[in-house]
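The structure under discussion appears below in the form of structure tokens.
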Amino acid sequence: MELHILEHSLKVASIEKEGIQICTHGLIKLAFLASKTRCKFFSLTETPEDYTIIVDEEGFKELPQSEHISVADATWLALNVVSGSGNASNSQPIGVTKIAKSVIAPLADHNISVFMLSTYQTDFILVRERDLPMVMHTLSSEFTLLRVVNGETVAAHSLGVTNGFFYYYFSVPRPIIHPLSSPSNMFCVTSLDPDTLPSVATLLMDVMFYSGGPKEPGASSDDSSHIRFFSFSLIEGYISLVMDEQTTRRFPNNVLFTSASGELWKMVRIGGQPLGFDECGIVAQISEPLATADIPAYYISTFKFDHALVPEENIQSVIGALRTESTAQ
């Protein structure tokens with residue numbers, strides 16, 4: 001398999017809920033008027049706590065300076081595992097559990113922190129730019145390493161890390177140390193044709209910025225475990241959406257892509273207090289047990305917490321397996 005190192009230099013930031021209004025102009029431009037910017041990588045995820053934005057340096061220029069915006073102290077690069085040749089966004093999705101043992105675990109074992117963004121099309125592993133030499137060295141025995149330069153995929157050359165070892169996966173005890181919870185919502189991971197985006201732009205703006213108050217129909221008033229979560233990504237021309245089942249019902253028929261099975265996903269939220277960016281192995285703690293059980297998953301890191309999405313029918317076994325891991329420490 002190939003590991004593509006994308007050319008985007010990324011910023012990860014948090015926008016406070018009370019500060020979203022001053023950012024709305026720039027965010028709308030990035031999401032709906034991308035041709036008017038030079039941005040190629042944009043993702044916005046709303047959680048109960050805040051909005052997390054992942055954006056390249058060109059896109060970051062569209063945001064105002066504000067005390068309501070907190071930026072992670074690093075430049076990040078996106079890695080993408082591709083099965084065979086071709087553009088990452090055109091390939092079949094690999095899935096975070098499929099790369100748990102080949103990518104996530106080796107990086108954790110070498111104390112490299114990762115930030116995950118799963119989309120409808122693929123999975124992006126974000127690493128700090130300063131960690132790239134060790135990332136390449138760690139994964140070079142498992143993957144063909146390629147860099148994307150000016151849109152062209154070329155061989156990635158060694159960045160000066162001394163050779164002398166190869167990484168072989170072996171099971172390392174990795175107990176889960178952070179609290180887990182599972183909201184009552186059921187979620188859809190979907191997409192839409194960029195050509196149809198203008199027809200649903202007003203609806204999407206309402207969902208993204210103005211629907212965070214009352215719960216959607218279907219959530220009982222005393223259902224405290226029903227959370228607000230919505231994710232929109234526009235990356236190299238491909239749109240990805242993660243929203244709960246109630247929100248999808250607001251869209252016209254035949255606009256959103258759906259799987260033949262109409263699969264629904266349940267969420268596992270990781271963290272009781274904000275996780276930060278320096279701790280290594282959080283994604284591995286979750287993805288390795290899922291990989292062992294052969295359970296597919298999407299994984300979305302945000303500025304404060306992590307989120308894994310697993311098939312609805314697997315949620316009880318997933319929670320049981322992960323809680324067993326948490327008590328094994």
Output, in order, the C-alpha distance, side-chain angles, deciding distance and verdict of ring pair (Phe, Tyr, Trp, His ring centres under 6.0 Å) for Phe41 and Phe124. CA-CA 11 Å; Phe41 195 114; Phe124 297 100; 5.3 Å; yes
Would you please test Asp56 and Arg38 for salt bridge (charged side-chain N to carboxylate O under 4.0 Å, His left out) and show each step? CA-CA 9 Å; Asp56 61 25; Arg38 298 177 65 184; over 6 Å; no
Where do Ser43 and Ser233 land on the side-chain hydrogen bond (donor to acceptor under 3.5 Å, both in side chains) test, with the steps shown first? CA-CA 4 Å; Ser43 180; Ser233 299; 2.8 Å; yes
After noting the C-alpha distance and the side-chain angles of His178 and Gln273, does the key distance pass the side-chain hydrogen bond (donor to acceptor under 3.5 Å, both in side chains) rule? CA-CA 9 Å; His178 295 285; Gln273 297 293 325; over 6 Å; no
side-chain hydrogen bond (donor to acceptor under 3.5 Å, both in side chains) evaluation trace for Thr196 with Asp193: CA-CA 5 Å; Thr196 67; Asp193 187 327; 5.5 Å; no
Hey, mind stepping through Asp278 and Arg128 against salt bridge (charged side-chain N to carboxylate O under 4.0 Å, His left out) and telling me if it holds? CA-CA 10 Å; Asp278 295 325; Arg128 290 181 175 92; 3.0 Å; yes
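Aromatic ring centroids of Phe277 and Phe303 lie under 6.0 Å apart.
Residues forming a ring pair (Phe, Tyr, Trp, His ring centres under 6.0 Å) with Tyr51 (at least two apart in sequence, or on another chain): none. Here Phe42 pairs with nothing under the ring pair (Phe, Tyr, Trp, His ring centres under 6.0 Å) rule; sequence neighbours left out. Every ring pair (Phe, Tyr, Trp, His ring centres under 6.0 Å) that Phe187 has, sequence neighbours left out, goes to Phe229.
By the 4.0 Å N-to-carboxylate-O rule, Lys11 lies too far from Asp73 to be salt-bridged with it. Salt-bridge check for Lys29 with Glu62: passed, with a basic side-chain N closer than 4.0 Å to an acidic carboxylate O. Salt bridge absent: Lys61 and Glu57 never bring a charged side-chain N and a carboxylate O closer than 4.0 Å. Ion pairing between a basic and an acidic side chain is recognised when a charged N comes within 4.0 Å of a carboxylate O; Glu46 and Arg228 show such pairing. Between Glu49 and Arg269 a salt bridge is recorded (basic side-chain N to carboxylate O distance below 4.0 Å).
Using a distance-only test at 3.5 Å, with no hydrogens or angles considered, a donor-acceptor pair links the side chain of Glu7 to the main chain of Gly151. Here the side chain of Gln121 pairs a donor or acceptor atom with the backbone of Ile239 at under 3.5 angstrom. No side-chain donor-acceptor contact under 3.5 Å links His4 to the backbone of Asn80. Checking side-chain atoms of Thr45 against main-chain N and O of Ser231 turns up no donor-acceptor pair under 3.5 Å. Judged by distance alone, with hydrogens and angles left aside, the side-chain atoms of Thr138 form no donor-acceptor pair with the main-chain N or O of Pro106 at under 3.5 Å. Listed for the Glu58 side chain is no donor-acceptor partner under 3.5 Å among the backbone atoms of Thr37. One N or O on the side chain of Thr24 and one on the backbone of Ile20 form a donor-acceptor pair closer than 3.5 Å.
No side-chain heavy atom of Ile282 sits under 4.5 Å from any side-chain heavy atom of Phe115. By the 4.5 Å heavy-atom criterion applied to side chains, Leu180 and Ile286 are counted as neighbours. Between Ser66 and Ile69, the closest side-chain pair of non-hydrogen atoms falls below 4.5 Å. Under the 4.5 Å side-chain criterion, counting only non-hydrogen atoms from C-beta, Leu126 is not in contact with Val114. A 4.5 Å side-chain heavy-atom check between Leu204 and Phe232 finds at least one atom pair inside the cut-off. Contact check for Ile235 versus Lys40: no side-chain heavy atoms found under the 4.5 Å cut-off. Between Thr47 and Ile227 the shortest side-chain heavy-atom distance does not fall below 4.5 Å. Side-chain contact between Asp306 and Ile300: absent, with no pair of heavy atoms (C-beta onward) separated by less than 4.5 Å.
Transitive grouping of hydrophobic side chains (ILVMFWY, heavy atoms separated by less than 4.5 Å) brings Leu27 and Val71 into a common cluster. Hydrophobic cluster membership differs between Trp265 and Phe305, with clusters built from Ile, Leu, Val, Met, Phe, Trp and Tyr side chains linked at under 4.5 angstrom. Under a hydrophobic clustering in which Ile, Leu, Val, Met, Phe, Trp and Tyr are joined whenever their side-chain heavy atoms come within less than 4.5 Å, directly or via other members, Phe60 and Phe32 fall into the same cluster. Under a hydrophobic clustering in which Ile, Leu, Val, Met, Phe, Trp and Tyr are joined whenever their side-chain heavy atoms come within less than 4.5 Å, directly or via other members, Ile5 and Leu107 fall into the same cluster. Under the 4.5 Å side-chain heavy-atom criterion for grouping Ile, Leu, Val, Met, Phe, Trp and Tyr, Val154 is not connected to Val82 through any hydrophobic cluster.
The shortest non-hydrogen separation linking Leu192 to Val255 is CB-O, 3.5 Å. The two residues Ala100 and Ala291 make their nearest non-hydrogen contact at CB-CB, 3.9 Å. The minimum heavy-atom distance linking Cys188 with Leu264 is given by the pair SG-CD2, 3.5 Å. Between Ile15 and Cys23, the shortest heavy-atom contact is CG2-SG, 3.9 Å. Leu322 and Gln285 get closest at one heavy-atom pair: CD2-O, 4.4 Å.
Annotation: the span from Met208 atom CE to Leu203 atom CG amounts to 11.0 Å, rounded to 0.5 Å. Rounding to the nearest 0.5 angstrom, the gap separating the OG1 atom in Thr144 from the CG atom in Leu139 is 12.0 Å.
Counting non-hydrogen atoms of other residues, nucleotides and ligands closer than 6.0 Å to CD of Glu152 gives a total of 12 or fewer.
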